[in-house]
Number of protein chains: 2
Amino acid sequence: MSQARERGIPDATVARLPLYLRALNGLAERATATVSSEDLAVAAGVNSAKLRKDLSHLGSYGTRGVGYDVQYLIYQISRELGLTQDWAVAIVGVGNLGRALANYGGFVSRGFRVAALFDADKGVVGERLVGMAVDHIDELESVIDTRGVSIVVIATPATAAQQVADRVIAAGITSILNFAPVVLTVPDGVDVRKVDLSTELQILAFHEQRKADRETGSPIMAETWAEAMDA
Amino acid sequence: MSQARERGIPDATVARLPLYLRALNGLAERATATVSSEDLAVAAGVNSAKLRKDLSHLGSYGTRGVGYDVQYLIYQISRELGLTQDWAVAIVGVGNLGRALANYGGFVSRGFRVAALFDADKGVVGERLVGMAVDHIDELESVIDTRGVSIVVIATPATAAQQVADRVIAAGITSILNFAPVVLTVPDGVDVRKVDLSTELQILAFHEQRKADRETGSPIMAETWAEAMDA
DNA sequence: GTACCTTTGTGAAGCTATGCACAAAGTGCG
DNA sequence: CGCACTTTGTGCATAGCTTCACAAAGGTAC
């Protein structure tokens, strides 16, 4: 009975599906045929009731008294995420980060194919990476079109990111993964996900500070605004 | 009246503070003295009521009828996040990603300092990056100790990540930023944040597929399990 | 000082997500 | 076949987050 199937899997659930998929692939490698929600939940690091509820949004793919068939569940999650088809990804900005992304094995293994690389620096254009020549940013629209790119990764400096976004959106792209530390302004219907390296560190620093404060018993640093401004 | 001040800023709020900080720094560069919650919310891409409630968790730092003093708010958020102190960060794994992280300017500019680099490959050890020699992983514990490292970034292959985590935790580290695509098992009191590049792409693919399905009017791909297994 | 304008800070309502706890459904053994 | 055991799928209570809407507070002009 999956009336929840059509129209709307919760975002929180969608965000966890890749996690389950990874755990399942690990089990598959060790030739495990079936797995209980309890065991899979441990492998994925979540609560088992949550895992069952997440999976129930996709349909009723388990067998009571037995668990889930690993291969079958891998297939169902992959299909739901759209990984049974091939996605052509373009990376804009071939600096340190762009190179790391192009070389990252996790992309290819999950149905994503790096189909184009772009940079504004003529010194980089023409260079070959993972069997792919870097194109000049001027070619952006035409290459996106001819190679059927549907997802763009922005790995440019912050100053160039909005401009790149505007251009790829004009070229018909509606899914962007943004590594540049800026808030992109995009029209409705365009999905942007952002990964911000320094944000994550800042969140860690917050918790680390909390731990330190608790240990020393000091309430919160008592330094005043005026004192800090003197420095 | 900020009784919410002591004990517990919501996680969702903490996760947004770096975003506000970035928007504020943008305003400060353009010499803006004060900003309303409405304008700052637009710059950060959030709802203004949410922004006000987030800031109210830190204290009552605005002026009714005027808005927030940009410099003062930057200071308060920085202090709350623990960025007024200097954090020594170690990066383990100097592959493509590790290099990108070491070179990433956003770290240094926010109170984070790359204090150590480690790799298991003797060919990489000794190499200099951002004025810092790469140490061998055997030195992990001693270097963490002598250089006062308090946050560790794991940028190793998946297979090495848990082992690295175990070792740094044994060395006293309680904050880890993990780029390896594995679920790390850690004791209570240790904070792990993870950044998974392929997870983000998978979430985008999900939404992209939804959009494509809606356009063509097709319900959901009708391919069956048996058909897919033939391929 | 008063009247008017702007903008904050927050109570309250609504929405989403989490986790417990259990009935329903399946397996397997004697 | 029936009984004991396992494990799913989900109703329900709770917790947390978001958004609205507005009173309270401060600024400015005259």
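A, B, ... follow the sequence lines: proteins, then strands. Residue 1 opens every chain. Everything numeric in this text was worked out from a predicted model, so none of it was measured.
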Enumerate the residue pairs fulfilling salt bridge (Lys or Arg N to Asp or Glu O under 4.0 Å) with a member in residues 176-200 of chain B, sequence neighbours excluded, ordered by first and then second residue. A:Arg22-B:Asp196, A:Arg193-B:Glu200, A:Glu200-B:Arg193, A:Lys211-B:Asp191

How long is the line joining [atom1] of [X] and [atom2] of [N], in whole Å?
X	N	atom1	atom2	value
A:Leu55	D:dT10	CG	P	12 Å
B:Asp39	C:dT6	CG	P	14 Å
A:Leu73	D:dT7	CG	C1'	15 Å
A:Leu58	D:dG9	CG	P	10 Å
A:Tyr68	D:dT7	OH	P	12 Å

Taking only residues two or more places apart in sequence, or in another chain, which ones meet B:Tyr104 in a ring pair (Phe, Tyr, Trp, His ring centres under 6.0 Å)?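 Testing B:Tyr104 for ring pair (Phe, Tyr, Trp, His ring centres under 6.0 Å), a comparison that skips the adjacent residues, returns B:Phe107.
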
Counterpart residues, side-chain hydrogen bond (donor to acceptor under 3.5 Å, both in side chains), relative to [X] (two or more places apart):
X	answer
B:Arg16	B:Tyr20, B:Asp54
A:Asp166	A:Gln162
A:Glu38	A:Ser48
A:Ser175	B:Glu208

Give me the distances for all protein-to-nucleotides 13-19 of chain D N/O pairs that come in under 3.5 Å?
| residue | atom | partner | partner atom | Å |
| --- | --- | --- | --- | --- |
| D:dT18 | OP1 | B:Arg16 | NH1 | 3.2 |
| D:dT18 | OP2 | B:Arg16 | NH1 | 3.2 |
| D:dT18 | OP2 | B:Arg16 | NH2 | 2.9 |
| D:dT19 | O4 | B:Lys53 | NZ | 3.1 |

Could you list by number each residue of residues 19-29 of chain B showing a heavy-atom separation from DNA chain D of less than 4.0 Å, or answer none if no residue does? none

Not counting sequence neighbours, which residues clear salt bridge (Lys or Arg N to Asp or Glu O under 4.0 Å) with [X]? List them please.
X	result
A:Arg52	none
A:Arg167	A:Glu141
A:Arg113	A:Asp86

Heavy-atom side-chain proximity of A:Val152 to A:Val89 below 4.5 angstrom: no

For B:Ser60 and C:dG9, is the shortest distance between a side-chain N/O and OP1 or OP2 below 4.0 Å? yes

It should be established whether B:Ser37 places a side-chain nitrogen or oxygen under 4.0 Å from OP1 or OP2 of nucleotide C:dT7. no

What does the list of N/O pairs under 3.5 Å between the protein and nucleotides 22-24 of chain D look like, with a distance for each?
| residue | atom | partner | partner atom | Å |
| --- | --- | --- | --- | --- |
| D:dA24 | N3 | B:Arg64 | NH1 | 2.7 |

